[in-house]
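Read the numbers this way: they start at 1 and go in the same order the structure lists the ligands and their atoms. Residues: numbered from 1 along the sequence shown.
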Amino acid sequence: MTAVDARPQALPGLAFPAGFRWGTATASYQIEGAAAEDGRAPSIWDTFSRTPGKVRNGDTGDIAADHYHRMSEDVALMKDLGVTDYRFSVAWPRVQPTGRGPAVQKGLDFYRRLVDELRAAGIRPVATLYHWDLPQELESPSPGGSAPGGGWPRRETAERFAEYAGIVADALGDRVATWTTLNEPWCAAFLGYASGVHAPGRTEPAASLRAAHHLNLAHGLAVRALRAALPADAEVSLTLNPHAVRALTDAEADRDAARRIDALGNRVFLDPVFHGRLPEDLVADTAGLTDWSFVRDGDLEIASERIDSLGINYYAPTVVAAGTHDGPSPWPGAEEHVRFEPAPGPRTAMDWPVDADGLYELLTRLRDGLPDVPLVITENGAAYDDYADPEGAVHDPERVAYLHQHLAAVHRALAAGVDVRGYFLWSLLDNFEWAYGYSKRFGIVHVDFASQRRTPKDSARWYADVIARNGLPG
Ligand code: FCB
């Protein structure tokens with residue numbers, strides 16, 4: 001019998017399994033700042049955030065939470081929380097400013113210092129190679145103009161990514177045991193190239209499907225590059241944001257809407273990565289946009305390189321019905337078939353519904369549909385309008401409730417036999433929330449962006465207690 005089979009009976013109360021990994025997560029562009037220091041060149045997010053009207057209040061990541069200069073303080077905060085793991089991302093334009101050519105030593109040195117400091121604090125580093133900060137040079141159209149624009153719709157970007165993965169693995173492979181290739185390729189492809197609400201802000205539905213494929217290819221090529229450079233026992237992973245899709249009713253048309261969104265939101269990545277194939281219904285649904293001839297022989301085999309775990313980011317469920325929605329949308333080809341319904345219940349400051357059942361549904365569904373692969377929750381958390389009171393305290397009871405409910409859902413999934421190995425709370429710090437700029441606070445540590453002062457919120461103390469007891473308080 002495997003350890004997983006033993007878990008449902010073995011869990012007393014709301015205790016988590018021994019060795020469960022408790023982490024926090026961040027991403028380079030959202031926290032680092034130091035945008036022009038030590039050789040870093042602009043990424044697509046630097047360009048996008050400078051484009052009027054794209055990011056709320058005209059905010060940019062130029063300074064962000066100034067983590068580049070306050071890294072030691074931030075690691076000390078995590079040590080106080082008692083986290084076992086920390087998920088950060090490496091900024092590609094810090095390491096390879098134009099996305100091609102030799103590495104910048106100072107860029108690599110920053111991550112080496114971070115990793116050494118984490119290890120000295122007893123915290124396991126978990127490195128993500130791509131959390132959306134593509135070097136701007138790679139987004140620019142190719143010389144000669146033969147390819148359809150640059151960025152992820154261009155095949156070469158996948159090859160460049162694998163080279164970059166090898167560079168980082170060579171530099172940090174002796175001290176980082178857990179690696180993630182991509183964070184949420186769905187957002188990179190469809191928010192970046194279809195709806196255009198994320199960098200690079202293009203609204204080209206056909207190109208977004210090319211982007212999705214090249215992200216799958218980039219992932220597979222990077223897995224190969226990582227395996228070639230890393231010790232045999234390194235853990236190599238991918239983080240997706242699979243959608244917990246619900247049909248509004250059981251009517252066939254609504255169920256078909258859910259099937260479409262499951263194809264475009266989930267199986268577009270899960271099928272290539274775990275089964276080495278494209279979903280047939282996705283190819284049929286998008287026939288009006290592309291014939292998928294950019295998928296070359298052997299690509300899907302590369303995309304399906306074995307990985308050691310799958311990272312899951314979950315915030316809220318997606319409810320759909322038969323209908324239409326206005327473009328430009330992040331759902332290429334579904335505009336005439338699907339409408340999105342607001343899920344009921346309380347909402348976070350993002351206006352996202354609080355619905356922990358969605359996480360349980362997602363985890364059990366993934367367990368049923370995938371080969372045996374351990375799952376890790378690589379992001380979960382909530383934004384609320386937090387502020388420091390006159391005594392300097394930050395009370396965030398709604399976030400504590402959100403976290404409690406979602407961790408209880410993870411616990412239920414464990415008890416149902418789902419192999420979940422860890423939970424990373426998004427986020428350690430308030431940070432640059434993409435198109436929302438600094439207006440949305442996801443941190444369990446409050447950041448006063450004027451002074452860069454850090455204040456652990458009540459939720460930070462609550463999380464420290466959960467970690468200390470390896471379980472939820474009653
Ligand atoms: C996820 C992103 C992360 C953060 C959260 C709120 O989609 O991966 O960077 O912005 O949403």
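In this structure, Asp262 pairs ionically with Arg267, as a charged nitrogen and a carboxylate oxygen lie closer than 4.0 Å.
Summarising the geometry, atom CZ belonging to Phe88 is positioned 10.0 Å from atom OG1 belonging to Thr180; distances are rounded to the nearest 0.5 Å. Here the CZ-CG distance, from Phe190 to Leu209, works out to 5.0 Å after rounding to the nearest 0.5 Å.
Cation-pi geometry between Arg40 and Phe110 is not satisfied (NZ or CZ under 6.0 Å from the ring centre, within 45° of the ring normal).
A donor-acceptor pair under 3.5 Å is absent between the side-chain atoms of Arg441 and the main chain of Ser439, judged by distance alone.
The aromatic rings of Trp434 and Trp132 are tilted relative to each other, their planes meeting at an angle between 30° and 60°.
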As a test of reading the model: which N/O atoms of the protein lie under 3.5 Å from N/O atoms of ligand 1, and at what distance?
unit_1	atom_1	unit_2	atom_2	d
ligand 1	7 (O)	Glu184	OE1	2.6
ligand 1	7 (O)	Glu184	OE2	3.0
ligand 1	8 (O)	His131	NE2	3.2
ligand 1	8 (O)	Asn183	ND2	3.0
ligand 1	8 (O)	Glu184	OE2	3.4
ligand 1	8 (O)	Glu379	OE1	3.1
ligand 1	8 (O)	Glu379	OE2	3.0
ligand 1	9 (O)	Gln30	OE1	2.7
ligand 1	9 (O)	His131	NE2	2.8
ligand 1	9 (O)	Trp434	NE1	3.0
ligand 1	10 (O)	Gln30	NE2	3.3
ligand 1	10 (O)	Glu433	OE1	2.7
ligand 1	10 (O)	Glu433	OE2	3.2
ligand 1	10 (O)	Trp434	NE1	2.9

